Enquirer: 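I have a structure here, written as structure tokens, and I will follow up with some questions on it.
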Amino acid sequence: MQPNTLEHIEKKRIQTSTVWLLMIGMIVMSANLRAPITSVGPVLGIIQEKLSLPASLAGFITSIPLMAFAICSPFAPKWSKRFGMERVLIVALAAIVTGLLLRLVGGLSFLFLGTALVGVGIACGNVLLPALMKRDFATRIGIMTGLYAVVMNVFGALGSGISVPLAQATSWQGALGFWAIPALIAFIIWLPQWRRASRQQVKPVKQTFRQSTALLRSPLAWQVTFFMGMQSFLFYVLITWLPDLLIDKGLTAAQAGVLLSLQQIVLIPFTFAIPIIASRFQKQSVLLSGSALLFLFGIALLWWGQGMAVLVVAIACLGIAGGCAFSLSMMLFSLRTKDAEEASELSGMAQSVGYLLAAAGPALAGALYQASGNWNGPLLLLMLVALILCVAGWLAGRNRFVQMSS
């Protein structure tokens, strides 16, 4: 009796330590899913000057990760089923580390290749971490999604904030290569999970053509996809053009920078709290559509509002809306599916199509501005997208599950 009791206690201790290690691994990996991208924008002008790049080619650097997201997201679930989720995530971190080190070398070819590798690694992390939450933290999806989203956004803001000082202290290569340090730490923390994956019986891929296309025929899957895509569209248009819009409204570059920092700061508590609140309800339609309406209100204030006080309110609304919409979109992959495999498939579809939509956003908004010479066209576009987001959110928030079988 005593040996059995001791054996049970030992097994429970091992399981608890494994869960904690996995939780820490998810947190440190989420720290590497945005900073390697947000660190590029602030030093893009320096890169363009040092490498004598035309504006079109310099802009392409920021598009590479989004293209990698769109291309690789559908494959991540298939790699997960074939090799094991932990192993794919470990290889993804290796790709991020390698890509960041290639950026450190310098030169245009290494910069492009490194950025592409970083994009592939982040794409796998984006798709598989929500599925991992569904598998191992099914009863804590709210708090785990909150932690995941908060850490990602905090490090994303940090990536934007310290890139210029790092470039001034070292070089643009140093500013971009710096992020290999947290990526390497995450890789080391994840390595023990390789053995855990090898102990699991990985199911072979036997999905038929009819089963794989069932997701594409699911209205709910498309509702989740459009919510993911429209919130990404809004985020990337705003992060690209908001500084210029604020300056055209009479703000100095320094004031525009302060407001951009405000946008990043206000979203943090909401990014953490909203998933926890959402997990307590069977339906999330009010929260999803509410985040879209807050986007709409913020854009309207940005369009017609005058004065610093009104602009501060507008930017705060956009930051809160963005934090809520992003964390809720990540949570939908778990809430609208029945198991981790379905969650990874839905995540792959939604992020692939979603980032294709997001990649088109900044260029389309820029073309509208260039054609009209003012921000009315881009802001009208953002308001229409916010309305689509509202409808998609209301439909995706209903208490239903995606049907994967044909």
Side-chain angles (χ1 to χ4, degrees), residues 34 38 41-42 149-150 152-154 156-157 160-161 227-274 286-329 357-358 361-370 372-394:
R34 185 162 282 182
T38 60
V150 164
M152 184 189 297
N153 281 291
V154 166
S160 298
F227 188 85
M228 171 67 198
M230 294 298 98
Q231 67 87 22
S232 297
F233 187 104
L234 290 167
F235 173 80
Y236 282 103
V237 170
L238 288 170
I239 203 173
T240 302
W241 295 114
L242 191 55
D244 296 280
L245 188 153
L246 292 173
I247 290 170
D248 283 356
K249 276 189 167 287
L251 273 63
T252 65
Q255 288 173 325
V258 170
L259 288 187
L260 285 176
S261 298
L262 173 68
Q263 184 185 12
Q264 295 294 320
I265 292 169
V266 297
L267 65 82
I268 292 173
F270 292 92
T271 302
F272 179 73
I274 287 297
V286 172
L287 291 172
L288 292 162
S289 294
S291 67
L293 292 175
L294 194 56
F295 263 126
L296 194 64
F297 180 67
I299 294 164
L301 283 181
L302 203 59
W303 192 345
W304 293 295
Q306 296 294 330
M308 177 62 79
V310 175
L311 291 177
V312 167
V313 174
I315 297 302
C317 288
L318 292 173
I320 295 168
C324 293
F326 172 76
S327 57
L328 287 169
S329 67
L357 293 171
L364 182 56
L368 288 173
Y369 176 78
Q370 188 171 351
S372 62
N374 58 55
W375 292 103
N376 293 343
L379 288 170
L380 178 60
L381 172 67
L382 292 182
M383 293 185 80
L384 290 174
V385 170
L387 288 173
I388 297 172
L389 184 70
C390 184
V391 175
W394 186 266

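Being a predicted model, the structure only gives us computed values, none of them experimental. Worth knowing before you read on, the calculation uses all heavy atoms, side chains too, and leaves out hydrogens, waters and symmetry mates.
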Enquirer: Do Leu380 and Trp303 have side chains that approach each other closer than 4.5 Å (heavy atoms only, starting at C-beta)?
Expert: yes
Enquirer: Measuring only between side-chain heavy atoms, which start at C-beta, is Leu364 closer than 4.5 Å to Val237?
Expert: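 Of all side-chain heavy-atom pairs linking Val237 with Leu364, none is under 4.5 Å.
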Enquirer: Can you tell me which residue among Leu382, Val313, Leu311 is in a side-chain contact (heavy atoms from CB on, under 4.5 Å) with Leu302?
Expert: Leu311
Enquirer: Could you check whether any side-chain heavy atom of Leu294 comes within less than 4.5 Å of a side-chain heavy atom of Phe270, counting everything from C-beta outward?
Expert: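 No, every pair of side-chain atoms sits at 4.5 Å or beyond.
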Enquirer: With side chains defined as the heavy atoms from C-beta onward, is the minimum distance between Leu389 and Leu296 less than 4.5 Å?
Expert: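 No, side chains not in contact.
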Enquirer: Could you grab the distance from atom CD of Gln231 to atom CZ of Phe295, nearest 0.5 Å is fine?
Expert: 7.0 Å
Enquirer: Considering all heavy atoms of both residues, which atom of Ala314 and which atom of Leu301 are nearest to each other, and what is their separation?
Expert: CB-CB, 3.6 Å
Enquirer: Return the OH to CG distance between Tyr369 and Asp248, rounded to the nearest 0.5 Å.
Expert: 4.0 Å
Enquirer: What's the shortest heavy-atom distance between Gly229 and Leu357, and which atoms?
Expert: CA-CD1, 4.1 Å
Enquirer: Restricting to non-hydrogen atoms, name the atom on Ile299 and the atom on Ala386 that form the minimum distance, rounded to 0.1 Å.
Expert: CD1-CB, 4.5 Å
Enquirer: Ignoring hydrogens and geometry, is there a side-chain-to-backbone donor-acceptor pair from Ser289 to Trp394 under 3.5 Å?
Expert: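 Confirmed, Ser289 side chain pairs with Trp394 backbone.
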Enquirer: Looking at Tyr236 and Pro362, what are the two nearest heavy atoms and their distance?
Expert: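 For Tyr236 versus Pro362, the nearest heavy atoms are O-CG, 3.7 Å.
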Enquirer: I'd like to know if the side chain of Ser327 reaches the main chain of Cys324, judged simply by a donor and an acceptor atom lying under 3.5 Å from each other, with no hydrogens or angles considered.
Expert: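 Yes, Ser327 side chain to Cys324 backbone: donor-acceptor pair under 3.5 Å.
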Enquirer: I want to check something: taking the side chain as every heavy atom from C-beta on, are Leu234 and Met230 in contact at a cut-off of under 4.5 Å?
Expert: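 No, side chains not in contact.
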Enquirer: Could you grab the distance from atom CD1 of Ile268 to atom CD1 of Ile320, nearest 0.5 Å is fine?
Expert: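 Rounded to the nearest 0.5 Å, the CD1-CD1 separation comes to 12.0 Å.
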Enquirer: Would you compute the distance between atom CG of Leu293 and atom CG of Leu288 and round it to the nearest 0.5 angstrom?
Expert: 11.0 Å
Enquirer: Above 12 or not: heavy atoms from other molecules or residues under 6.0 Å from CZ of Phe235?
Expert: yes
Enquirer: Does a side-chain heavy-atom distance below 4.5 Å link Phe233 with Ile388?
Expert: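 The answer is no; the side chains never approach within 4.5 Å.
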Enquirer: Does any non-hydrogen side-chain atom of Asn153 lie less than 4.5 Å from one of Phe326?
Expert: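 In short, these two side chains touch, coming nearer than 4.5 Å.
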Enquirer: In chain order, what residues pass the ring pair (Phe, Tyr, Trp, His ring centres under 6.0 Å) check against Phe272, with sequence neighbours excluded?
Expert: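 Per chain and number, Phe272 pairs via ring pair (Phe, Tyr, Trp, His ring centres under 6.0 Å) with no residue.
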Enquirer: For the pair Ile315 and Leu242, evaluate side chain to side chain contact (heavy atoms under 4.5 Å, CB included) and give the outcome as yes or no after the intermediate values.
Expert: CA-CA 10 Å; Ile315 297 302; Leu242 191 55; 3.7 Å; yes
